[in-house]
Amino acid sequence: MKVITRTASKTLRGRHLTLVWGIHDFPVGKILVALSAEGLCWLGINCDRAALAKNWPGAELVEDANVTKKAAAEIAKLWPAKLDKLSVPLVLYGTPFQLKVWKELLKIKSGSLTTYAAVAKKIGEPKAVRAVGSAVGKNTVSIVVPCHRVVNKDSGRVNYGWGPAVKLALLKGEKAA
DNA sequence: ATTTACCGTGCTT
DNA sequence: AAGCACGGTAAAT
């Protein structure tokens, strides 16, 4: 899978950017897929245009499910085990720290879990556990960047931007595969 | 069982 | 430009 990274803060990343978006079916719910000219840059679960607009201030949003249909179908088909085969490039917009965290998440194998502390250690910032927590939460491309495979150290407790139920459904689906 | 310290980000002032 | 609230974990109280 091709991964493009762009350094940008949340407030600036939407400027001069046109996003084509559409809502499609996925095993754990509806996904909102948004593509820039470069590739897949946002994926939300059970959300609407407002959530997209909030995350990409300044961006021009064009709804066209025909354009996003192909990418969405591919994601649904490749999930959970073969997402790295995605033909659409993945475009990551974030601060240098967030990019480090997200790229680390990409290395987590389907079906396995890690903790925020382990990720912090891997990127060489062992004390920045909390920062890792917030970076994971700000991930722009859920499912493809497996933010749901990161759990609290004291197992069990689940915290997820799209709702704990979605996180559990994703993990369950990957476990089966 | 509660509190403290640690870090990066985004929102508010 | 400065302050504040978040978020996960280990260590100290």
Side-chain angles (χ1 to χ4, degrees), chain A residues 3-19 21 28-29 31-36 38-62 80 83 89-175:
Chain A
V3 180
I4 299 168
T5 55
R6 298 256 171 258
T7 305
S9 70
K10 181 179 177 180
T11 36
L12 295 178
R13 68 189 178 200
R15 302 236 290 237
H16 313 117
L17 193 65
T18 299
L19 297 179
W21 64 279
V28 303
I31 55 173
L32 192 163
V33 176
L35 305 171
S36 70
E38 294 183 301
L40 175 66
C41 60
W42 206 72
L43 199 163
I45 302 169
N46 293 330
C47 64
D48 54 13
R49 187 200 140 96
L52 178 64
K54 201 173 165 193
N55 275 275
W56 297 88
E60 186 186 340
L61 305 181
V62 180
L83 277 178
L90 183 59
V91 194
L92 265 22
Y93 282 82
T95 62
F97 183 86
Q98 288 166 344
L99 293 176
K100 262 201 284 184
V101 172
W102 298 340
K103 279 194 271 185
E104 196 56 47
L105 298 187
L106 248 14
K107 295 183 194 163
I108 307 171
K109 294 191 194 81
S110 176
S112 65
L113 295 176
T114 191
T115 62
Y116 298 94
V119 174
K121 207 171 182 180
K122 277 198 181 170
I123 63 173
E125 309 278 348
K127 283 177 293 186
V129 191
R130 309 174 74 184
V132 168
S134 59
V136 170
K138 284 165 191 150
N139 170 33
T140 51
V141 198
S142 340
I143 301 179
V144 183
V145 174
C147 47
H148 54 283
R149 295 190 196 130
V150 186
V151 300
N152 294 276
K153 198 142 201 184
D154 57 55
S155 65
R157 290 200 61 238
V158 170
N159 182 10
Y160 195 54
W162 307 118
V166 172
K167 181 166 183 171
L168 293 175
L170 285 168
L171 292 175
K172 197 178 162 198
E174 300 187 355
K175 204 172 175 184

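Note that the coordinates shown come from a computational prediction; the quantities given were computed from them, not determined experimentally. Reminder, nothing fancy here: chain letters follow the sequence lines and each chain counts from 1.
- For the salt bridge (charged side-chain N to carboxylate O under 4.0 Å, His left out) condition, no pair includes a residue of residues 133-145 of chain A, sequence neighbours left out.
- Atoms CD1 (Ile123(A)) and C1' (dC7(B)) sit 10 Å apart, rounded to a whole Å.
- For Arg13(A), the salt bridge (Lys or Arg N to Asp or Glu O under 4.0 Å) test picks out no residue, with sequence neighbours left out.
- The residue Ala131(A) sits close to a base: some heavy atom pair falls under 4.0 Å.
- With sequence neighbours excluded, the residues satisfying side-chain contact (heavy atoms from CB on, under 4.5 Å) with Ser9(A) are Thr11(A), Leu12(A).
- Nucleotides of DNA chain C with any atom under 4.0 Å from a heavy atom of chain A span, from 5' to 3', dG7(C) to dA10(C).
- Residues satisfying the side-chain contact (heavy atoms from CB on, under 4.5 Å) criterion with Ala169(A), sequence neighbours excluded, are Val28(A).
- Checked against side-chain hydrogen bond (donor to acceptor under 3.5 Å, both in side chains), Arg6(A) has the following partners two or more places apart in sequence or in another chain: Glu38(A).
- One can place CG of Leu12(A) at 10 Å from P of dG10(B), the figure rounded to the nearest angstrom.
- If you check residues 136-149 of chain A against DNA chain B, the residues with a heavy atom closer than 4.0 Å are Lys138(A), listed by number.
- Inspection of the Glu60(A) and His16(A) side chains reveals no N or O donor paired with an N or O acceptor under 3.5 Å.
- Scanning for salt bridge (Lys or Arg N to Asp or Glu O under 4.0 Å) contacts around Lys54(A) gives an empty result, with sequence neighbours left out.
- Candidate nucleotides dC11(B), dC7(B), dG10(B) were compared by shortest atom distance to the side chain of Thr95(A), and dG10(B) ranks first.
- Listed pair Gln98(A) / dC7(B) fails the phosphate criterion, with no side-chain N or O lying under 4.0 Å from OP1 or OP2.
- Distance Lys100(A) NZ to dG8(B) P: 9 Å, rounded to the nearest Å.
- Rounding to whole angstrom units, NZ of residue Lys121(A) and P of dC7(B) are separated by 17 Å.
- Listed by chain and residue number, Trp56(A) satisfy the ring-ring contact (aromatic ring centres under 6.0 Å, His included) test with Tyr93(A) (two or more places apart in sequence, or in another chain).
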